[in-house]
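Because the structure is a prediction, the values reported are computed rather than measured.
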Amino acid sequence: MATWQCIKQCGACCHLDPADRPDLEEYLSPEELGLYLSMVGDGGWCVNFDQTTRECTIYEHRPRFCRVEVETFQDMFGIEPEELNDFAIDCCRQQIEAVYGDRSLEIIRFDQAVGF
């Protein structure tokens with residue numbers, strides 16, 4: 001069975017371009033939406049994403065919408081705990097493919113890490 005996990009130095013989720021996420025207002029509070037939009041930098045990348053190291057510069061203090069946690073996904077998307085693994089895998093695969101492509105090193109690394 002595939003098990004979700006984040007892969008280091010990917011950063012696909014750090015591509016925050018609001019044009020790619022027209023439903024932000026459906027799952028972010030007005031305050032979170034303002035924070036989210038303030039984090040969008042050049043080319044749609046998060047201002048806290050270091051493109052050289054491909055790591056988050058505020059990882060330990062990142063906002064809740066940047067976290068894959070049961071409570072967050074239940075609140076934001078109505079995902080039950082037993083559904084989180086499959087939902088997170090699907091979300092990551094879609095985002096990685098959209099940002100880097102379906103044959104990218106990132107998708108290959110992700111699939112290997114989760115057990116695809």
Side-chain angles (χ1 to χ4, degrees):
M1 179 179 151
T3 304
W4 179 86
Q5 64 178 293
C6 184
I7 58 170
K8 290 186 179 286
Q9 298 176 316
C10 170
C13 60
C14 300
H15 193 261
L16 304 178
D17 190 345
D20 297 337
R21 299 173 184 192
D23 55 349
L24 288 170
E25 292 178 359
E26 293 177 21
Y27 55 86
L28 295 180
S29 70
E31 295 80 19
E32 287 176 322
L33 180 59
L35 176 59
Y36 182 99
L37 295 175
S38 75
M39 292 169 59
V40 179
D42 292 339
W45 288 96
C46 179
V47 297
N48 299 302
F49 180 63
D50 182 324
Q51 293 201 17
T52 302
T53 63
R54 296 180 75 179
E55 294 179 345
C56 176
T57 61
I58 62 163
Y59 189 81
E60 294 301 320
H61 305 287
R62 68 197 186 281
R64 115 186 151 111
F65 54 78
C66 293
R67 299 171 181 267
V68 178
E69 296 174 345
V70 171
E71 299 81 22
T72 300
F73 274 62
Q74 196 166 27
D75 182 48
M76 288 173 49
F77 307 111
I79 301 301
E80 295 301 322
E82 63 274 7
E83 300 169 329
L84 179 60
N85 185 65
D86 291 341
F87 185 81
I89 289 171
D90 289 343
C91 286
C92 285
R93 289 195 95 251
Q94 289 175 18
Q95 185 67 12
I96 292 168
E97 288 179 4
V99 173
Y100 299 119
D102 64 352
R103 295 177 185 213
S104 64
L105 178 59
E106 291 81 7
I107 197 69
I108 292 167
R109 289 177 50 231
F110 180 75
D111 284 349
Q112 288 175 341
V114 300
F116 263 27

So, for [X] and [Y], which heavy atoms are closest and what is the spacing to 0.1 Å?
X: Ala88; Y: Val68; answer: CB-CG1, 4.0 Å
X: Cys10; Y: Ile96; answer: SG-CG1, 3.9 Å
X: Asp50; Y: Thr53; answer: OD1-N, 3.1 Å
X: Val70; Y: Pro81; answer: CG1-CG, 3.6 Å

Just wondering, do [Y] and [X] contact through their side chains at under 4.5 Å, heavy atoms?
X: Val40; Y: Cys46; answer: no
X: Tyr36; Y: Leu24; answer: yes
X: Trp4; Y: Asp86; answer: no
X: Leu16; Y: Arg21; answer: yes
X: Gln95; Y: His15; answer: yes
X: Thr3; Y: Asn85; answer: yes
X: Pro63; Y: Ile58; answer: yes
X: Cys56; Y: Phe49; answer: no

Q: Check the pair Glu106, Arg54 against salt bridge (Lys or Arg N to Asp or Glu O under 4.0 Å), reporting the backbone distance first and the verdict last.
A: CA-CA 12 Å; Glu106 291 81 7; Arg54 296 180 75 179; 2.8 Å; yes
Please round to the nearest 0.5 Å and tell me the distance separating atom [atom1] of [X] and atom [atom2] of [Y].
X: Ile89; Y: Phe116; atom1: CD1; atom2: CZ; answer: 5.5 Å
X: Leu105; Y: Ile108; atom1: CG; atom2: CD1; answer: 6.0 Å
X: Glu71; Y: Leu84; atom1: CD; atom2: CG; answer: 9.5 Å
X: Ile107; Y: Gln94; atom1: CD1; atom2: CD; answer: 10.0 Å

Q: Spell out, as yes or no, whether a donor-acceptor pair under 3.5 Å connects the side chain of Glu32 to the backbone of Ser29.
A: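 Answer holds: yes.
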Q: Please assess Phe110 against Gln5 for the test side-chain contact (heavy atoms from CB on, under 4.5 Å), listing each intermediate value before the final yes or no.
A: CA-CA 8 Å; Phe110 180 75; Gln5 64 178 293; 5.9 Å; no
Q: Could you walk me through whether Met39 and Asn48 pass the side-chain contact (heavy atoms from CB on, under 4.5 Å) test, one step at a time?
A: CA-CA 7 Å; Met39 292 169 59; Asn48 299 302; 3.8 Å; yes
Q. Just wondering, are more than 12 heavy atoms of other shown residues or ligands nearer than 6.0 Å to CG in Asp42?
A.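 No, the 6.0 Å shell around CG holds no more than 12 heavy atoms from other groups.
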Q | Glu25 atom CD, neighbour heavy-atom count above 12 within 6.0 Å | A |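 No, the 6.0 Å shell around CD holds no more than 12 heavy atoms from other groups.
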Q.
The test is side-chain contact (heavy atoms from CB on, under 4.5 Å); show your working for Phe65 and Leu28 and say whether it passes.
A. CA-CA 8 Å; Phe65 54 78; Leu28 295 180; 3.7 Å; yes
Q: Mind telling me whether Phe87 and Phe77 have parallel, tilted or perpendicular rings, with 30° and 60° as the class edges?
A: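 Phe77 and Phe87: tilted rings.
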Q: For the residue pair Tyr100 and Trp45, categorise the inter-ring angle as parallel (less than 30°), tilted (30 to 60°) or perpendicular (more than 60°).
A: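 Tilted: the ring planes of Tyr100 and Trp45 meet at 30° to 60°.
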Q: Could you tell me which residues satisfy side chain to side chain donor-acceptor pair (under 3.5 Å) with Glu97, sequence neighbours excluded, listed by chain and number?
A: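 With neighbours one apart ignored, the set is Arg93.
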Q) Hey, mind stepping through Lys8 and Glu55 against side-chain contact (heavy atoms from CB on, under 4.5 Å) and telling me if it holds? A) CA-CA 8 Å; Lys8 290 186 179 286; Glu55 294 179 345; 5.5 Å; no
Q) Would Arg64 and Glu69 count as a salt bridge (Lys or Arg N to Asp or Glu O under 4.0 Å) if you check the C-alpha gap in whole Å, the side-chain angles of each, and the deciding distance to 0.1 Å? A) CA-CA 9 Å; Arg64 115 186 151 111; Glu69 296 174 345; over 6 Å; no
